[in-house]
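Note sheet for the following structure.
To find a chain, count down the sequence lines: A is the first, B the second, and so on, and within it residues start at 1.
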Amino acid sequence: MLRAVQLTKTFGGLTVLQDVSLDFRPGEVHALMGENGAGKSTLMKMLAGLHRPDGGEIQWRGRTVRFANPHDALAQGIAMVHQELMPIPDLDVAENLLLGLEPVDAFGWVDRAELHRQARHWLAALDTDLDTRQPMRRLSVAQIQVVEIAKALARQADVILMDEPTAALSDHEVAALFRAIDGLRRRGVAVVYTTHKMDEVFRLADRLSVLRDGRLVHTAPAAELTPSALINHMVGRELAKVFPPVVTTPGEVVLEVRGLTREPAYRDISFTLRRGEVLGLAGLMGAGRTEIAEALYGLRPATAGEIRLRDRPVRLLSPQDALAAGLGMVTEDRKGLGIIPAMSVQHNLTLSALARFSSPTGIDASAESRATAEQIEAYAIKTRDPGQPIGELSGGNQQKVLLARALLAGPDVVILDEPTRGIDIGAKAEIYALIGRLSAAGKAVLLISSELPEILALTHRLLVLRQGELSAELDPRHTTQEEILRHAMPR
Amino acid sequence: KKAEPRKPGEWLVGYSSRDQSAEYTARLGDAVQARAKERGVKLVFVDAQADAQKQISQAENFISQKVDVIILNPCEVEASSPAIDRARAAKIPVINVNSLTKAAPDCYVGSDDEQAGILAMEAIAKKLGGQGNVLMIHGIMGQSAQIHRDAGARKVLAKYPGLKLLDAQTASWDRAKALALTENWIQAHKGKFQAIFAHNDEMAMGALLALERAGLKKDVYVIGVDAIAQALDAVKAGRLDATVFQDAVGQGRGAVDAAILMASKQPFEKEVMIPFQVVTRENVDAFLKK
Amino acid sequence: MTLARRFILDRNLVHRFGIVAVLLLISGLLAATTDSFATASNLTNVARQVSINGILAVGVTFVLLTGGVDLSLGSVVALSGVVCALFAHPGEHALLVPIGMGLLTGGLCGLLNGVLVTRGGIAPFIVTLGMMTVARGLALILSGGKPVADMTPALTDLAGDVGPLPIPLLCFALVALVSWVFLGRFRLGRHLYAVGGNEPAARAAGVSVPKVKLFAYGLCGLLTGLAGVVLAARITTGQPNAGQAYELDAIAAVVIGGTSLSGGVGGVLGTILGVLLIGIINNGLDLLSVSSYYQAVIKGVIIVGAVWLDRRQARS
Amino acid sequence: MTLARRFILDRNLVHRFGIVAVLLLISGLLAATTDSFATASNLTNVARQVSINGILAVGVTFVLLTGGVDLSLGSVVALSGVVCALFAHPGEHALLVPIGMGLLTGGLCGLLNGVLVTRGGIAPFIVTLGMMTVARGLALILSGGKPVADMTPALTDLAGDVGPLPIPLLCFALVALVSWVFLGRFRLGRHLYAVGGNEPAARAAGVSVPKVKLFAYGLCGLLTGLAGVVLAARITTGQPNAGQAYELDAIAAVVIGGTSLSGGVGGVLGTILGVLLIGIINNGLDLLSVSSYYQAVIKGVIIVGAVWLDRRQARS
Ligand SMILES: Nc1ncnc2c1ncn2[C@@H]1O[C@H](COP(=O)(O)OP(=O)(O)OP(=O)(O)O)[C@@H](O)[C@H]1O
Ligand SMILES: Nc1ncnc2c1ncn2[C@@H]1O[C@H](COP(=O)(O)OP(=O)(O)OP(=O)(O)O)[C@@H](O)[C@H]1O
Ligand SMILES: [Mg+2]
Ligand SMILES: [Mg+2]
């Protein structure tokens, strides 16, 4: 019912999508796969009226259509869940969710009671229960993501484009989302779905299409593809074993946390982190993982408790303090606490390590660009040139730049909050390998992730967080996802 | 300071200044305050900051403060009139000082801005023997002083066919703007103009500086209005050719004295004219003393 | 009930108490130190004096909520006043003509601002700065640089009172009330917040951003025109040099009231408080006959101090 | 090479060509229609006249890059000028005293702005609006409302020329050059862009946001003080009411030059172009002896038009 014909898109001379033709059928979940920067979001944005095609056309129910803006697309019944979260911070949850669909009464007044009733209804459809009256800014990234999905459902569109909807979700919400999608499928809605999580694809998709470097390289019913075959199409080569073996044996304690507390998010958190050790922090959304990480990194200091680095108590009141003390972090909120969109890739990448390139005579430009070139190489960052604004990069590539930024500052302790969120498996493999190298290099890593397989495979030890309290310390070699979830589930 | 009940003889007078950040009106204000002190009058002194709307508000405030007399230093001819109407409606006598309004006050102490324009342009005509090109620097467009000084000047220009107005631009009473404007005129009309009339001394000083820096002063006659201290010094030093004196102190005293007569229900003159006078090197010393 | 809910939902009111406190404090001081402040006649004065700034402030609230700004208020007030006066000579036109022309002038200026911002994609600061000088120039051209006098009493009476209440105040009150309901209760009103809060998000959700902005600038212009008419009536002339820097007082009032210059947060209730604060400071300092030099200093300090107090307890 | 790279990295220069075009166009027209524009003496003249706005514009560029704004420029110019003049009476102090006091005054005002913005967490618009009235008041108090005259020639000569070049121009050129290098080549300069581009992210990346902002406002204040001294020297007095609305011309120049008011984008090179454009318009319209009324209209139209052209071809 929706057909892309020879769609082409170029940005600043760089062709990011070329002659892509696909059709999307009612009641079918169509998964778009591809590495970071392959063009998935770009394709979806064109279908949703955010970008104008530079070539080719879009056919809707047999007729050629041109969408001047998302409004047109929505009017036709095409809704989209965007990869980058778009909350309106000071409107409440209900107003965000039903923006543009506000129910009005006879006088044209917005009917608040009805507004909140509908909002709760759509959230319930995702098995989530939020106070719809609280302003959006209060929500955690995961909660925002849920609202964004509900927003698309509320459009009751015939086609829903979902660009990495589960990137910020933990298993509980993911399950709910899948049930919702099955519902849509039954109601004959066409779902276009992008993700970097293999298991999801095969759980959901009826049809799979693979983009590589802006071209459509393969499209087939999901049943006809094996994961390895799929990866093959995406990466264009055999992938080495995804998870590196955990080899290094932890050394002496670098970081020690005692009774860290910040109501209401978390309380009485104590643990140690050793040189060369990878410590996992698992938990459901809103459990407090990010807030603990932010406390360690000085972003939102705890109200009580002690942090000791190398046996010395430290007061970390700002990221500056943390970096100076040898603590680095990659935040979960890429857009809000990560990239500086208008700045070039180079300037973003070297921001935390500028001191190294600075002298009384200023920044050593050549040294800086050399370092940048190396990093772009090392992380296989897809960018036109180091001067390109990072805001123009694909989500995954932005994430890689941020990783490079944190590590370029050369910290001993690295906190990674959802580091592989929105990253393709190729890059994931790279990052897993990198984590391995970090621990081998004697760095201490605190890994927060909602992807349990990842946490299980990469960590030496595993802490589980339940509603802001440590509920268990597990040995990843002798535990299961089920056990982790049992400790994570609120009771 | 909880206002104590007014003793007979100690009158409460409201004064609304046009703009205390302009030198002439600031001096007028000082004179009013000084005189009020001398005569033991309590003064409510406010500044309309060149906004007629604000001035009306201040008249309204005076009324609710139950002052005995209002002295108005009007911002505008028409726009300040409602202030007077309001006061009279409240049976409070009003004195205009320094400039006129459409609505007639009970008493006027001051001078006629048109006269300033006439005197200045006449001085130029005399100096140039009725032959030559003149440039005029306006105050803020639309303000009564600018309008009337312009009108006066043009009356004289009409009388002398040989006297040509080469160009007229505003410098908004501002010295720096007048300086830049004159610099540009020097570029555009170099050697083609023999006199500059600036609507106030601030701008005259600006023009003077531009001419001096271009080494052209000797060829150009410059005259301003107000006789502010610096202008008088410049005249004395033979830098500025002339300025038109208006008597801030005289106006201030006159206004306060009239106010007291009114308040004490004694007879008073309905119009105290304090004429402008042209100040040149010859008579400047007399004014420097004031 | 609905009223109560509005208060809760007007997000900024929850932490406007800082301003309220300052407002009460200052009023208290003035009532104690002067015998004229707390009189009925003076309070009517204050009401009358805040009306024009109030109408402007409410208008520009809409623009600021979208994350824009309007620097042309003062000049457009002058222009609309002049146009109004030109049509207000006795016995020439029906009363509605000068009023209508004044509003129309303001509205058109506002719409032009809106078009240049949306279609032209030019920063509001630049667009409205341009309009500021252009409108001033037009006011001078149309009036020949001289005040346009001789307005029919029918119009100038509009600056008077009905019963105890000044008509300008009634205009302000009506404008404020309608705007308040509109912003809180109507879709377009909510969309203003959405656009100001996160423009791409609003666009992605199918909100027509240009329409919303055009509306905001147009309405602001219309209200500026109204302010121009009220001013002309009050000073019984179309004054081409009137309204100098009025935009600053108006925007200050809005920001004091808690509306963010980056848009998306705030509302009319806060704006009213801001307008009152500025109005009472001006009135009080004149009553105390504080030298205008010190007035400037005091006024600046109070405004910054008030906002500081307000934000501080808003954070805590 | 480094230069080339700087040009590339100075993101705004890439699409400043629109302004350059307008600049050349207007200059061409003026050269053709007047015989005085293209003369050496007039160009020196323009240079002299743009210097003060130029220094202010460069200063406020730093503030705008952090996403802030400074409305107090004009008043602080007046205040610094008055202070400078008070210390400049012949034979009282060494030449450096009045200059130093002028700079100090400006710098302190700027720092105070910075402190209120960072520690106080008050919107820059309000802080600097407050400073605008406070500084104006102080200037009037210190000068008693009358120009502070009788300045030593040693100081007023600083408005003169060395060889063919006006000293004010040299100040402007030096300030611009240093700022340009600083923004492009130094860590703190880079941090300014980061803070303006995404403040929370900059903080998370280890940038000390308060330090950066304090620096920006302080430096802007210092340069404003310099402008005040230059102005006082030029008009040979400390004028308490000088500098009215200078902030608007300065900010306009910066925005015309492509620096975004929301911060993070722009730079000094664009600002210089903006300053030149405004200066040449003012000069040209006087040379053509266009009526003041129409000057306002034309100026507004050209500025908006220039930015529109510029942004349009920047998009394409
Ligand atoms: N606005 C833009 N301007 C310039 N280039 C862009 C813009 N948006 C995307 N690109 C480029 O287009 C390419 C495809 O981006 P896109 O976001 O579609 O990738 P993607 O498949 O969604 O990757 P990911 O899985 O990381 O989200 C990338 O190389 C990106 O740099
Ligand atoms: N900026 C914020 N302001 C107020 N509350 C917040 C904020 N961010 C998170 N919270 C709340 O703090 C709690 C912990 O949030 P946090 O983001 O740390 O959860 P988490 O364990 O990191 O889960 P995830 O990272 O998957 O969202 C949640 O209740 C969340 O709503
Ligand atoms: Mg994507
Ligand atoms: Mg988290």
Q. Can you find a pair of side-chain heavy atoms, one from D:His191 and one from A:Leu351, that are under 4.5 Å apart?
A. yes
Q | Heavy-atom pair of closest approach, residues D:Ala201 and A:Gly338 | A | CB-O, 3.3 Å
Q. Using a cut-off of under 4.5 Å for heavy-atom pairs, which of A:Asn348, A:Thr331, A:Thr361, A:Asp364 has the most such pairs with chain D?
A. A:Thr361
Q | Smallest separation among heavy atoms of D:Gly206 and A:Leu323, with atom names | A | CA-CD1, 3.5 Å
Q: Select, from A:Pro319, A:Gly328, A:Gly298, the one with the greatest count of heavy-atom pairs under 4.5 Å involving chain D.
A: A:Pro319
Q: Check whether A:Leu402 gets within reach of chain D through its side chain, its backbone, both or neither, counting any heavy atom under 4.5 Å.
A: neither
Q: Kindly compute the distance separating OG (A:Ser358) from CZ (D:Arg185), expressed to the nearest 0.5 Å.
A: 10.0 Å
(Q) Using modelled atom types and a 3.5 Å cut-off, is there a donor and acceptor pairing between side-chain atoms of D:Asn198 and backbone atoms of A:Lys335? (A) yes
Q. Is a side-chain donor or acceptor of D:Tyr193 paired with a backbone partner of A:Ala342 at a separation under 3.5 angstrom?
A. no
Q: Measure across D:Ala205 and A:Ser352 and return the closest heavy-atom pair with its distance rounded to 0.1 Å.
A: O-OG, 2.9 Å
Q. Highest number of heavy-atom pairs under 4.5 Å with chain D: which of A:Gly336, A:Gly391, A:Ala324?
A. A:Gly336
Q) Looking at D:Ser260, D:Ser208, D:Gly264, D:Gly197, which one has more heavy-atom pairs under 4.5 Å with chain A than the rest? A) D:Ser208
(Q) At a 4.5 Å cut-off on heavy atoms, which part of A:Phe357 comes close to chain D: side chain, backbone, both, or neither? (A) neither
**Q.** Structural part of A:Ala353 lying under 4.5 Å from a heavy atom of chain D
**A.** neither
Q) Of all heavy-atom pairs between D:Arg190 and A:Thr350, which one has the smallest distance, and what is that distance? A) NH1-OG1, 3.8 Å
(Q) A side-chain contact here means heavy atoms from C-beta on lying under 4.5 Å apart; do D:Arg203 and A:Leu299 qualify? (A) yes
**Q.** Option that, when pairs with chain D are counted at under 4.5 Å, heavy atom only, ranks first among A:Asp333, A:Asp321, A:Ile340, A:Ile339
**A.** A:Ile340
